[in-house]
Every structure is written in structure tokens, then in C-alpha cells.
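Quick note on labels: first sequence line is chain A, next is B, and so on, each numbered from 1.
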2 protein chains.
Amino acid sequence: MARIQNNKNETRKEFITSAAARLFREKGFSATGMRDLAGEVGVEAASLYNHIRSKAELLQEICFRTANQFSAQLNELELDNSQTSLQKVEAILRHHIQWWVAKPDDMLVTNNESKYLQEPYLSTFMNERRLYVRRIEAIMEDGIRKGQLSGIQPYSAVLTLLSMVRGIEFWHRTKKNISAEALEENMVKHFIDGLRQR
Amino acid sequence: MARIQNNKNETRKEFITSAAARLFREKGFSATGMRDLAGEVGVEAASLYNHIRSKAELLQEICFRTANQFSAQLNELELDNSQTSLQKVEAILRHHIQWWVAKPDDMLVTNNESKYLQEPYLSTFMNERRLYVRRIEAIMEDGIRKGQLSGIQPYSAVLTLLSMVRGIEFWHRTKKNISAEALEENMVKHFIDGLRQR
DNA sequence: AAAATGCACTAACGGTTGTTAGTAAAATTC
DNA sequence: GAATTTTACTAACAACCGTTAGTGCATTTT
């Protein structure tokens, strides 16, 4: 009857949520059983419910924690007058790349498994995502007005930005091809060069 | 006891496979039940087994049909001496975009649900995918030798090519922003401009 | 018309799902 | 040290899973 061995200063709930992110990423939300998760944590399935309310709650925690993190960056960028629009777009792209490199579990679950959120969380999540796209579009439109960006439509550029970084998932499985730093510089150069006015 | 109403000249198995692709895309492979699929087809679950061997077989059919289609294009391109490497890369990108626009169900299932393939199909699929990446890399390396492509590493560029088009999934849900043709031209311009030697 | 095949049905199987109830031991608070 | 809270356990639940067996009607082939 040993307790969950949670390291340092994280709560047991956080420990479980991390394990859940790992499993949801590997096996998918639906194919991950509470008995799988319990095994990963080192406990019986029923014991998990002393710390969490439901399987659904775990998914909510992962998706919204991750999404809020990206909204927070936009909050700061929108108030920053010291950067050009192009610099802001580059900052957003780098932020996405770095999170895909550092937290692939969270990013994959947020991207691929968020559809299993139940209402009203699902609607909230999708609305937030739409808003996030529009806010980046607005930054790009500002750059077009100031002549810094090329004639590519902002909507298309945002879709590309948010999607191209998903290739990092594939990179994670075969790391030896290229370092994380080189990958970031390549992707940033490629995206920004294609976007810049010439 | 009405039969499955399959249109024109497709077999009943193809009719079922199409419905499966639609459901696997919407709900995911694991969360899609045979009773869901049966309802979509207009029949009882057990009746499906007069036409298919198993749920797993449906996934195999979708994933390999789609993957082979892309390999076939590369087979032709590799033998084509009338195009520059840059033109070949553009052709590959356009091919991906057009398939994401026309067959989003197949593309999404092949990308997101292929992990549920069972052995030995899973290993075969992943090896084919690795080989596909290397073949595109080889085309890009050729372009670098001939001075047509910029200093971006081929591996990074391939990851970007294969991933950026996944944004089309999001576009499908909110079509009014931009037409399919404009989206294609924007993405191609963005990707190729970023890749071209200047 | 007879025989053979195709196809959808009902019923059921063994296994798995997320979750709850009840209990006891361990850790914490008093 | 006693009282209280936290936490892990076993057992069990109703629902659902993919799939098989067996039956009989409908269609096609002979």
C-alpha cells in the first residue's frame, strides 16, 4: 500500500496528469484505459479517483493548460510596441517550435485529442482556438499595412505556422537527423523568408 | 432486410470503407464502434462481417490505399527529366494540398490513426513513411547540388512540407475564409519562396 | 424451376470500459 | 497519543466492445 511517489514539489494530481499526457499521446485518449494509467502511476485504477474526478477531467487539464500558455504569449506581444510585426510573428513561431520540442506530449494531446473534450469544454476550446488564429491574423494584417509582409493572405500564413511545426513530432522519433536548434533555425528561416516582402 | 444501397459501380466493401474513413476521422479509430459504423451504413453490426474481415482490416485498407497513392507520384517524378528539382518539389506539395482538400477523411485517418495498425502492418507502414521522406530529401539534395535551392536542410524542408498542409483540416471546418484555389496558391508561394535560392 | 450463393437478421460470447462503495492502513493534525 | 484526514485497497456494477454462430429470405446462376 505504498503511496504514489511524486517527486519534489508537484502534487499527486499533477503527477497523474503528466502520466496521462504521456499515455494519451502514445495510445490516444479513447484507447487509454484507467487501468493503463494506474499501472503507469504504480497504483490500482480505483485509487486514482482519490486525486482526480474523472478521465475527462485529465484531458481538460492538459488541453486548457497548454492552450492558455499560448494565449498568454499573445497577451504580452499585443502590448509590445518595440517589435515589428514580422518580429512578432517570428517570436510566435519560435514559441511553438520550442514547445513542440520540449513538451511533445502536451502539444500532441492538445492538437489530436482535444476533440474528445466533452461539452461545454469542447465548444470553449474550439472558440478559443478560432480566436487565437484571428489574433495572429491581426498581427500579420498590421504587418501588411506597414509593408513588412508579402502578399500572402494572413489566414493561410497562420494555418501554415500552426501546422508546419507538427513535423517535430516525426523528428522526435528519429532524432539523429538534426539538432533541435538547427531544426528551429531552419524552420524559422524557411517560414520568414517566404513571408518577407522583397 | 434491405440490402446496403451502394451507388453505381462501387462494391459494398468500398461503400463500408468510405463510411469507416468518415467515422474514423470524426471520432477516431478506437472510439468508433462497429455498431456506429453499421448505423452509418444502414445495417446491423453483425452484417458488416459478410463484407469485411475485421475492423482492423478497414484501417489497413484506408492507410495503405492512401500511402500507395503518394508513392506512385514519386515513382513518376523520379523518372521525369523534364522538370527541375524545384518544380518537382512544387508538384509534390501541390499533390499533397489537393489530396487534403479532396479527401480529408483519408488523409486524416492515414496521418492520425495509422498508429492503431496492428503488426506487421504498423511496421510496414512506418518504414514506408520513412522511405517516402528520404526520397523527397534526395530530390531536394539534388536541387541543392545544382544551386536551385537555398541552404535549408532537406530534412527540415520535408518535415515542413508534409506538415504545413495539415492546416487544411482546420480550413475545412470554416471554409468561408478563403477558396481552395487561393489557399493552394498561397501555400505553394510561401513554401517555394522560402526555399528558393536568391 | 431448381440449386447455389449472397446477405441481413437475432442472439449471444467473453472481455474490457469508467466508475462507485466500502474498508483499512498510513500520514497528518491536534 | 488521540483524532482526523488522506489514500490505496478489493470487489463489483452496468454498459459497451469486436466478433461468431445459426437462421432464413432474396438474389443470382444453372
Any side-chain to backbone donor/acceptor pair from Tyr132(B) onto Leu74(B)? Under 3.5 Å, distance only.
no
Measure from NZ on Lys13(A) to P on dT6(D) and round the result to the nearest Å.
14 Å
Specify the separation, in whole Å, of atom CG of Leu48(B) and atom P of dT19(D).
10 Å
Please state how far atom CZ in Phe15(A) lies from atom P in dT6(D), giving the value in whole angstrom units.
21 Å
Whole-Å distance between dA8(D) P and Glu44(A) CD?
11 Å
Assess the side chains of Glu128(B) and Thr124(B): does a donor N or O sit below 3.5 Å from an acceptor N or O?
no
Rounded to whole angstroms, how far apart are CG on Leu59(A) and P on dG18(C)?
13 Å
Go through the side-chain N and O atoms of Thr174(B) and Tyr155(A) and say whether any donor and acceptor fall under 3.5 Å apart.
yes
Nucleotide dT19(D), atom P - distance to CG of Leu37(B) in whole Å
11 Å
Can you figure out which of dT10(C), dA8(C), dA8(D) approaches the side chain of His51(B) most closely?
dA8(C)
Please examine the side chains of Leu117(B) and Ser114(B), heavy atoms only from C-beta on, and report whether any two atoms are closer than 4.5 Å.
yes
Could you state the atom-to-atom distance from CD of Glu57(A) to P of dG18(C) in whole Å?
15 Å
Tell me which residues in residues 112-121 of chain A lie within less than 4.0 Å of DNA chain D, going by non-hydrogen atoms.
none
Summary of protein contacts for nucleotides 11-17 of chain C, nucleotide by nucleotide, where a base hit scores B, a sugar-phosphate-only hit scores S (4.0 Å, heavy atoms):
BB----B
State, without any angle test, whether Arg135(B) and Asn75(B) hold a side-chain donor-acceptor pair at a distance under 3.5 Å.
yes
Within a radius of less than 6.0 Å around CZ of Phe64(A), do more than 12 heavy atoms belonging to other residues, nucleotides or ligands occur?
yes
Toward the 5' end of DNA chain C, by each residue's nearest nucleotide, Asn50(A) or Ala45(A)
Ala45(A)
Presence of Ser47(B) side-chain N/O under 4.0 Å of dC7(C) phosphate oxygens OP1/OP2
no
Centroid separation under 6.0 Å, is that true for the rings of Phe70(A) and His96(A)?
yes
Report the distance from atom CD1 of Ile16(B) to atom P of dC7(C), rounded to the nearest whole Å.
10 Å
Can Asn112(A) and Arg166(A) be counted as having a side-chain donor-acceptor contact under 3.5 angstrom?
yes
Would you mind telling me which of dC9(C), dT19(C), dC9(D) lies closest to the side-chain atoms of Val43(A)?
dC9(D)
Pair up each side-chain donor or acceptor in residues 34-46 of chain B with any protein partner under 3.5 Å, not counting sequence neighbours, and list the distances.
residue: Asp36(B); atom: OD2; partner: Gly33(B); partner atom: N; Å: 2.9
residue: Glu40(B); atom: OE2; partner: Arg22(B); partner atom: NE; Å: 3.1
residue: Glu40(B); atom: OE2; partner: Arg22(B); partner atom: NH2; Å: 3.2

